[in-house]
**Q** 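Pasting a structure below so you can have a look.
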Amino acid sequence: MTTIGVLALQGAFVEHEKMLRRLGVETRQVRLPAQLRGLDGLIIPGGESTTIGRLATTYDLIDPLRHLAEEGFPVWGTCAGMILLARDIGRRQPLIGVMDMRVERNAFGRQVDSFETDLVVPALDSVASAAERGLPFHAIFIRAPSILSVGKDVQILAALDDNMIVAAQQGNLLATAFHPELGDDSRFHRYFLRLVECRK
């Protein structure tokens, strides 16, 4: 049985759990380092990245998460979670800092500037049903970050029409600037679960 942890310090962790349970996956809320034991992967949800980082520091989670990610443990960061995974965000705040990318916080403006759009994500075809193959992914952006640049080992999965990067993968690490957990399309969650299965 696959068990995915969802960092539950702040933000949209319940929505990820609902999506994972819909896919038949066991979930566990993670607030302390001991709760990482026995997991097959971890999702860091959207929320407020400074608050999540500060709480992760308070509960001594930063170093264990960094160590696991560097050892090949699958980790997916959505929105604020993507910020926490980045090596460089152009300012000082607690980060796990394992993905070779430079991220800009609130790249699209404030909450009122949130938007939805369809993205072309060819990588999702690897987990798509015949009916889903080739379909765009409807993405929900809420005070979203963007990826300004990536290192040579980072694969760009999706970008907006103006080439702003909004999804990327570096081996076992996945980052999306938007919120797949808030829609009905489970392809990104299935894509992450495939990364998890590949590591088992």
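Small disclaimer: the values here were computed from a predicted structure and weren't measured.
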**Q** Please step through side chain to side chain contact (heavy atoms under 4.5 Å, CB included) for the pair Val75 and Leu174, ending with a clear verdict.
**A** CA-CA 6 Å; Val75 181; Leu174 180 64; over 6 Å; no

**Q** Check whether any side-chain N or O of Arg31 sits under 3.5 Å from a backbone N or O of Leu9 as a donor-acceptor pair, and report yes or no.
**A** no

**Q** Kindly compute the distance separating SG (Cys198) from CG (Leu193), expressed to the nearest 0.5 Å.
**A**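 Between Cys198 SG and Leu193 CG, I get 11.0 Å after rounding to 0.5 Å.
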
**Q** How are the rings of Trp76 and Phe192 set to each other: parallel, tilted or perpendicular (split at 30° and 60°)?
**A** tilted

**Q** Answer yes or no: is there a donor N or O on one side and an acceptor on the other, between the side chain of Gln170 and the main chain of Asp100, under 3.5 Å?
**A**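 Confirmed, Gln170 side chain pairs with Asp100 backbone.
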
**Q** Find the distance between CE (Met101) and CD1 (Ile89) and round it off to the nearest 0.5 Å.
**A**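 Reported value, rounded in 0.5 Å steps: 10.5 Å.
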
**Q** Could you see if Leu195 belongs to whatever hydrophobic cluster contains Ile156? Use Ile, Leu, Val, Met, Phe, Trp, Tyr and a side-chain cutoff under 4.5 Å.
**A**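 No, it is not one cluster - the side chains of Leu195 and Ile156 are not joined through contacts under 4.5 Å.
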
**Q** Assigning hydrophobic clusters by single linkage (Ile, Leu, Val, Met, Phe, Trp, Tyr; side-chain heavy-atom cutoff under 4.5 Å), is Val196 placed with Leu85?
**A** no

**Q** Any chance you could lay out the side chain to side chain contact (heavy atoms under 4.5 Å, CB included) test for Met99 and Val150, step after step, and finish with the verdict?
**A** CA-CA 9 Å; Met99 278 190 79; Val150 298; over 6 Å; no

**Q** Can you see which heavy atom on Leu36 is nearest to which on Arg28, and at what distance?
**A** C-NH1, 4.2 Å

**Q** Does any donor atom in the side chain of Glu26 or Thr2 lie under 3.5 Å from an acceptor atom in the other side chain?
**A**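 Glu26 vs Thr2: no donor-acceptor pair found between side chains.
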
**Q** Within a radius of less than 6.0 Å around CG of Asp118, do more than 12 heavy atoms belonging to other residues, nucleotides or ligands occur?
**A**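 Above 12, so yes.
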
**Q** Would you please test Val166 and Ile147 for side chain to side chain contact (heavy atoms under 4.5 Å, CB included) and show each step?
**A** CA-CA 6 Å; Val166 292; Ile147 301 170; over 6 Å; no

**Q** Can you tell me if Arg102 has over 12 outside heavy atoms packed within less than 6.0 Å of its CZ?
**A**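 No, because the 6.0 Å sphere around CZ of Arg102 holds 12 heavy atoms or fewer from other groups.
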
**Q** Could you grab the distance from atom CZ of Phe141 to atom CZ of Phe108, nearest 0.5 Å is fine?
**A**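 These two atoms lie 5.5 Å from each other.
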
**Q** What are the two closest non-hydrogen atoms of Met1 and Gly24, and how far apart are they?
**A**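 Closest approach of Met1 to Gly24, heavy atoms only: CE-O, 3.5 Å.
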
**Q** Would you kindly confirm whether Leu157 and Ile44 end up in one hydrophobic cluster when ILVMFWY residues are joined by side chain heavy atoms under 4.5 Å apart?
**A** no

**Q** Counting heavy atoms not belonging to Arg37, are there more than 12 under 6.0 Å from its CZ?
**A** no

**Q** Is it the case that more than 12 heavy atoms not belonging to Tyr59 sit under 6.0 Å from its OH atom?
**A**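 Count not over threshold, so no.
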
**Q** Hey, could you give me each pair passing side chain to side chain donor-acceptor pair (under 3.5 Å) that has a residue in residues 5-20? Not counting sequence neighbours.
**A** His16-Thr78, His16-Glu181, His16-His189, Glu17-Thr27, Glu17-Gln29

**Q** Provide the closest heavy-atom pair for Ala167 versus Thr176 in the form atom of the first, atom of the second, distance.
**A** CB-CG2, 4.1 Å

**Q** Search all heavy atoms of Ala158 against all heavy atoms of Val121 and return the closest pair with its distance.
**A** CB-CG2, 3.9 Å

**Q** How many angstroms lie between CD1 in Ile83 and CD in Gln93, if you round to the nearest 0.5 Å?
**A**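 Atom-to-atom, Ile83:CD1 and Gln93:CD are 6.5 Å apart.
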
**Q** With distance as the sole test, does Gln169 use its side chain to make a donor-acceptor pair with the main-chain N or O of Gly171 at under 3.5 Å?
**A** yes

**Q** Side-chain heavy atoms nearer than 4.5 Å, only ILVMFWY residues, links allowed to pass through others: does that put Leu182 and Leu23 together?
**A** no

**Q** Report the C-alpha distance between Asp185 and His138 in whole Å, list the side-chain angles of each, state the deciding distance to 0.1 Å, and finish with yes or no for side chain to side chain contact (heavy atoms under 4.5 Å, CB included).
**A** CA-CA 8 Å; Asp185 191 335; His138 190 72; over 6 Å; no

**Q** Using side-chain heavy atoms (C-beta onward) and a distance below 4.5 Å, is Leu39 in contact with Ile4?
**A**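 Not in contact.
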
**Q** Looking only at atom types and distance, does a side-chain atom of Asn172 sit under 3.5 Å from a main-chain N or O of Ala69, one as donor and one as acceptor?
**A**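 Present.
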
**Q** Looking at every heavy atom in both Ser186 and Met19, which two are closest together, and how far apart are they?
**A** CB-SD, 3.6 Å

**Q** Over all heavy atoms of both residues, which pair between Phe178 and Leu119 is shortest? Give the atoms and the distance, please.
**A** CE2-CD1, 3.4 Å

**Q** To the nearest 0.5 Å, what is the distance between OG on Ser146 and CD1 on Ile165?
**A** 8.0 Å

**Q** Please determine if Glu197 and Arg190 form a salt bridge, counting it only when a charged side-chain N lies under 4.0 Å from a carboxylate O.
**A** no

**Q** Is any side-chain heavy atom of Asp40 less than 4.5 Å from a side-chain heavy atom of Pro74?
**A** no

**Q** Donor-acceptor check, side chain of Asp125 to backbone of Gly134, threshold 3.5 angstrom: yes or no?
**A**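 Pair found, side chain donor or acceptor close to backbone of Gly134.
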
**Q** Determine whether the aromatic ring centres of Phe137 and Tyr191 lie less than 6.0 Å apart.
**A**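 Between Tyr191 and Phe137, which both carry aromatic rings, the centre distance is not below 6.0 Å.
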
**Q** Hey, can you pull the donor-acceptor pairs under 3.5 Å for the side chains in residues 61-68, sequence neighbours left out?
**A**
{"unit_1": "Asp63", "atom_1": "OD1", "unit_2": "Arg66", "atom_2": "NH1", "d": "3.0"}
{"unit_1": "Arg66", "atom_1": "NE", "unit_2": "Ile96", "atom_2": "O", "d": "2.8"}
{"unit_1": "Arg66", "atom_1": "NH2", "unit_2": "Leu95", "atom_2": "O", "d": "2.8"}

**Q** Of all residues at least two apart in sequence or in a different chain, which pass the salt bridge (Lys or Arg N to Asp or Glu O under 4.0 Å) check with Glu48?
**A** Arg105, Arg143

**Q** Out of curiosity, Cys79 SG to Asn106 CG, how far, rounded to the nearest 0.5 Å?
**A** 8.0 Å

**Q** Quickly, which of Leu42, Val6, Ile43 forms a side chain to side chain contact (heavy atoms under 4.5 Å, CB included) with Val30? Name it, please.
**A** Leu42

**Q** According to a hydrophobic-cluster definition based on side-chain heavy atoms being under 4.5 Å apart (Ile, Leu, Val, Met, Phe, Trp, Tyr only), do Phe73 and Leu32 belong together?
**A** yes

